[in-house]
Engineer: 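Have a look at this one.
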Amino acid sequence: MNLQAITGQLYIVDGYQKDQSMTPGLWVQPPPRSASRGRSSDFLFVHLSLTGAAEETAVLSQDIIDTISGHYYASSGGITSSLREAILIANKKLLAFNVSGSQTPREGAISCAVLRKDELYTVQVGESLAYIGRNFGIETLPPKEPDRITPLGRTSGIDIRFYHHRLQPYDSLLFVDPRLAHLEREFFKPILIDVEMTESLDGLKGLVGHDSARLMLISFTDEVPLQLPDAAQPLTLQKSRFNIRSQPRRESRPVMQIPETERKPQRAHEDDPLLPKGIEQSARRISSRAILGLSRFTDDLADSLDRFKQPEETLDGEEEAEIGWAIPALIAIIIPLIIGGIVTGVFIQRSEGRQLAEYKQEMAINLGLASQTDNRDEQRGHYQEVLALAQVVETELRPGDNDVAAYRREAQQALDNMDNIVRLSATLLYEFTEPVNLSSVVLQPGDGGDLFLLDSLTGVVYQLGLNERFEVDTAVPSAIISPDQAIGSHIVGPVIDIFWRPEGQSVQREGLAALDANGALLSYRPNLLDTVVASLGFAVEWQLPAAITTYDERLYILDQGAEQIWKYFPVGDQFEVIGDERVLAFGEPADLPAVVDFDIYSEDGSLVLLYGDGRIRYYDTRSLRRQWDETEVSQFNADIQPLVGPTAVKFIGQGLGTSIFVADAGSGRILLYNTRAGDVLDQFRATDEMGNELLFQISDFDITPDFQTFFFVINNRVYRAVRQ
């Protein structure tokens with residue numbers, strides 16, 4: 001069934017309606033002439049909100065929308081995969097705008113939808129909100145508040161939410177301005193269900209009142225009405241990008257009206273191929289048991305009423321008449337309500353079963369189509385479509401369905417094989433209930449070592465006890481270092497970074513070391529349960545210290561503000577600076593303000609710098625000459641996606657087995673590099689038991705020396721992952 005879309009826009013500022021012809025951030029796009037194969041019937045709808053006044057961000061908004069539209073119609077993959085890539089490119093564009101410092105930084109929320117025939121594909125980022133109106137109610141997108149909302153343009157690793165719906169005539173979609181998120185969903189029911197476009201737009205004006213908002217209302221129909229409000233336009237299939245042309249007026253044919261009985265969800269036919277027999281039989285069992293329960297309930301109800309009825313001889317004629325009328329009236333009210341509830345429950349069960357069967361069939365079709373083509377882009381699109389459909393089923397219909405899980409695993413495995421991905425199976429070790437932002441994790445060496453976690457939000461360091469199987473051994477993590485804590489005469493400041501400091505000539509006992517913003521190194525010794533302080537000279541020269549590591553018992557502190565890596569030499573339990581060797585002197589500009597993390601190899605002093613924009617550089621520490629960088633990596637690994645938004649780098653292993661690991665939140669991967677040559681040996685992705693990709697928000701990680709067990713932190717959660 002081919003549906004058409006009638007779009008209406010409202011642009012209201014302080015209660016006054018403005019010109020609708022060019023509403024900033026709203027876009028309706030029919031397929032252009034240059035659309036790639038497979039996009040000729042796709043209609044794109046965009047609702048973009050940026051911080052600041054809409055007039056001030058109009059040019060930037062349109063630039064972002066043009067980026068999304070241009071990339072989507074030029075791509076040839078699946079709908080969801082192409083939308084995802086378009087959103088990521090737009091986010092990268094806005095992020096580059098923000099970090100340039102040329103203008104006021106902007107963050108955003110975006111909702112994009114694609115209509116293909118009678119299917120609607122929707123993606124959302126940030127505090128975006130939408131409602132889908134149907135004759136049986138309203139569906140909210142997102143259906144529940146996400147655990148974490150990352151605005152567009154804040155970071156390279158964003159949360160993208162996907163949805164898929166099969167539409168019927170008279171369904172509607174409303175993109176809501178984030179400023180109206182405080183309104184209850186019930187307010188939108190009379191506006192979206194069984195209402196003409198004119199009345200809907202008038203109702204939205206009333207809801208906005210004296211506030212400001214930009215709204216896009218889309219009504220889906222199989223026939224365009226003859227009369228439309230000024231703010232509404234029919235969207236028909238055409239090859240023009242900018243001129244939206246309505247259908248010719250039909251002189252004598254009236255607007256088709258669907259009878260009320262047909263607009264309600266219909267009962268599934270017993271021979272319907274989309275309805276598995278198991279679901280049909282389940283629905284029959286539910287209805288038969290419900291009717292049996294109803295008969296028992298009515299029998300019990302009659303007995304109860306009879307017991308409560310007083311003997312007739314104790315009542316006069318008037319009282320007897322009142323009770324005689326009350327009992328039938330009560331039964332007449334209660335019984336229809338019970339029957340209605342049972343019928344409604346059975347219908348909902350059958351409707352969900354049919355919808356689930358449709359999703360499963362679509363996933364099976366996509367897997368079949370992927371196996372019938374040799375085009376890798378087409379294969380990738382079909383597999384990503386399966387993953388998107390599986391996510392919808394898991395979040396909206398039936399979590400844990402075995403068939404859906406099998407389809408998802410098959411599609412995921414195929415994508416992993418195409419991209420040479422090693423899949424990690426992740427388990428949640430601990431989740432903080434209080435607000436934290438875990439930025440660093442360190443694994444204590446040895447069997448059954450504990451985890452140490454740094455909360456960058458409060459500057460607190462936690463210890464999470466683990467047993468020899470790397471399972472949580474303590475109920476809650478213990479705070480071992482906290483700001484304002486007194487250690488001798490030293491008052492602890494916020495902790496910037498942590499690392500494990502091994503034994504040495506100046507280090508009598510190994511332990512966790514923490515860089516204190518107040519100019520000290522704090523050393524926590526787990527076996528003694530104590531913390532000692534070593535002051536760091538010339539700390540007043542620090543401007544923006546961001547990370548710390550060690551080599552040959554020395555300390556190296558990355559200072560993004562001073563554009564230096566400070567160097568401290570151990571003298572007993574303290575540290576000193578040497579005039580000629582206070583900093584690492586690079587023979588070329590190192591662009592240290594853009595470095596997000598660095599590490600030094602403990603055996604030969606090799607240095608690796610990791611940049612937030614995806615660059616990576618490997619140096620020989622003694623000469624500080626660059627050995628390789630991202631250019632050589634691209635040459636060696638033409639089929640490997642470059643780094644998008646890396647967050648952490650570490651040397652792991654010993655001797656010839658040492659490798660460089662990089663966490664790339666922008667692409668949701670951990671990459672393993674050959675130390676000497678810089679080529680990528682492995683790529684890792686991690687999923688939880690529900691199949692959700694986890695590494696798109698990774699902050700930091702640590703790995704056992706055998707490369708078999710990974711630990712990583714995301715926001716307020718700590719995970720352990722092993723190879724599948």
Engineer: Would you call Arg380 and Asp377 a salt bridge, taking side-chain N to carboxylate O under 4.0 Å as the test?
Structural biologist: no

Engineer: If only side-chain N and O atoms count, and only distance matters, is there a donor-acceptor pair under 3.5 Å linking Gln9 with Tyr11?
Structural biologist: no

Engineer: Which distance, rounded to the nearest 0.5 Å, do you find between the CZ of Arg179 and the CD1 of Ile12?
Structural biologist: 10.5 Å

Engineer: Looking only at atom types and distance, does a side-chain atom of Asp177 sit under 3.5 Å from a main-chain N or O of Arg214, one as donor and one as acceptor?
Structural biologist: yes

Engineer: How long is the span from the CD atom in Glu107 to the CG atom in Asn98, to the nearest 0.5 Å?
Structural biologist: 7.0 Å

Engineer: So does Glu693 get a backbone contact from the side chain of Arg685, meaning a donor-acceptor N/O pair under 3.5 Å?
Structural biologist: no

Engineer: Would you confirm whether Arg134, through its side chain, and Glu139, through its main-chain N or O, come within 3.5 Å as a donor-acceptor pair?
Structural biologist: no

Engineer: Which atom names give the shortest non-hydrogen contact between Leu217 and Ser172, and what distance separates them?
Structural biologist: CD1-CB, 4.5 Å

Engineer: Any non-hydrogen side-chain atom of Arg161 less than 4.5 Å from a side-chain atom of Ser128?
Structural biologist: yes

Engineer: Find the distance between OG (Ser371) and OH (Tyr383) and round it off to the nearest 0.5 Å.
Structural biologist: 6.5 Å

Engineer: Sub-3.5 Å donor-acceptor pair from the side chain of Ser82 to the main-chain atoms of Tyr72, do we have one?
Structural biologist: no

Engineer: So which atom in Asp664 and which in Pro646 form the shortest heavy-atom distance, rounded to 0.1 Å?
Structural biologist: OD1-N, 3.1 Å

Engineer: Nearest 0.5 Å, what's the NE2-OG1 distance between His47 and Thr23?
Structural biologist: 9.5 Å

Engineer: Please tell me if the side chains of Val208 and Asp211 come closer than 4.5 Å, counting only heavy atoms from C-beta onward.
Structural biologist: yes

Engineer: Under 3.5 Å, is there a donor-acceptor pair between the side chain of Ser100 and the main chain of Phe97?
Structural biologist: yes

Engineer: Quick one: do the Gln413 and Asn417 side chains pair a donor with an acceptor below 3.5 Å?
Structural biologist: yes

Engineer: When rounded to the nearest 0.5 angstrom, what distance separates CD1 in Ile138 from CZ in Phe188?
Structural biologist: 8.0 Å

Engineer: Are Thr373 and Glu378 close enough that a side-chain donor and a side-chain acceptor fall under 3.5 Å?
Structural biologist: yes

Engineer: Using modelled atom types only, decide if a donor and an acceptor are shared between the side chain of Arg84 and the backbone of Gln384 within a distance under 3.5 Å.
Structural biologist: no

Engineer: If you define the side chain from C-beta out and look only at heavy atoms, does anything of Arg409 sit under 4.5 Å from Arg423?
Structural biologist: no

Engineer: Looking only at atom types and distance, does a side-chain atom of Ser41 sit under 3.5 Å from a main-chain N or O of Arg116, one as donor and one as acceptor?
Structural biologist: no

Engineer: Assess the residue pair Leu192 and Leu174 against the criterion (side chain to side chain contact (heavy atoms under 4.5 Å, CB included)); give the C-alpha distance rounded to whole Å, side-chain angles, the decisive distance to 0.1 Å, and a yes or no.
Structural biologist: CA-CA 8 Å; Leu192 297 180; Leu174 176 65; 4.0 Å; yes

Engineer: Would a 4.5 Å heavy-atom cut-off, applied to side chains only, mark Tyr407 and Glu362 as touching?
Structural biologist: no

Engineer: Examine distances only and state if a side-chain atom of Tyr163 and a backbone atom of Leu120 form a donor-acceptor pair shorter than 3.5 Å.
Structural biologist: no

Engineer: Short question: side chain of Asp401, backbone of Asp403 - any donor-acceptor pair under 3.5 Å?
Structural biologist: yes

Engineer: Working to the nearest 0.5 angstrom, can you tell me the gap between Leu3 CG and Asp171 CG?
Structural biologist: 8.0 Å

Engineer: Would you indicate whether the side-chain heavy atoms of Thr155 and Gln697 approach each other to under 4.5 Å?
Structural biologist: no

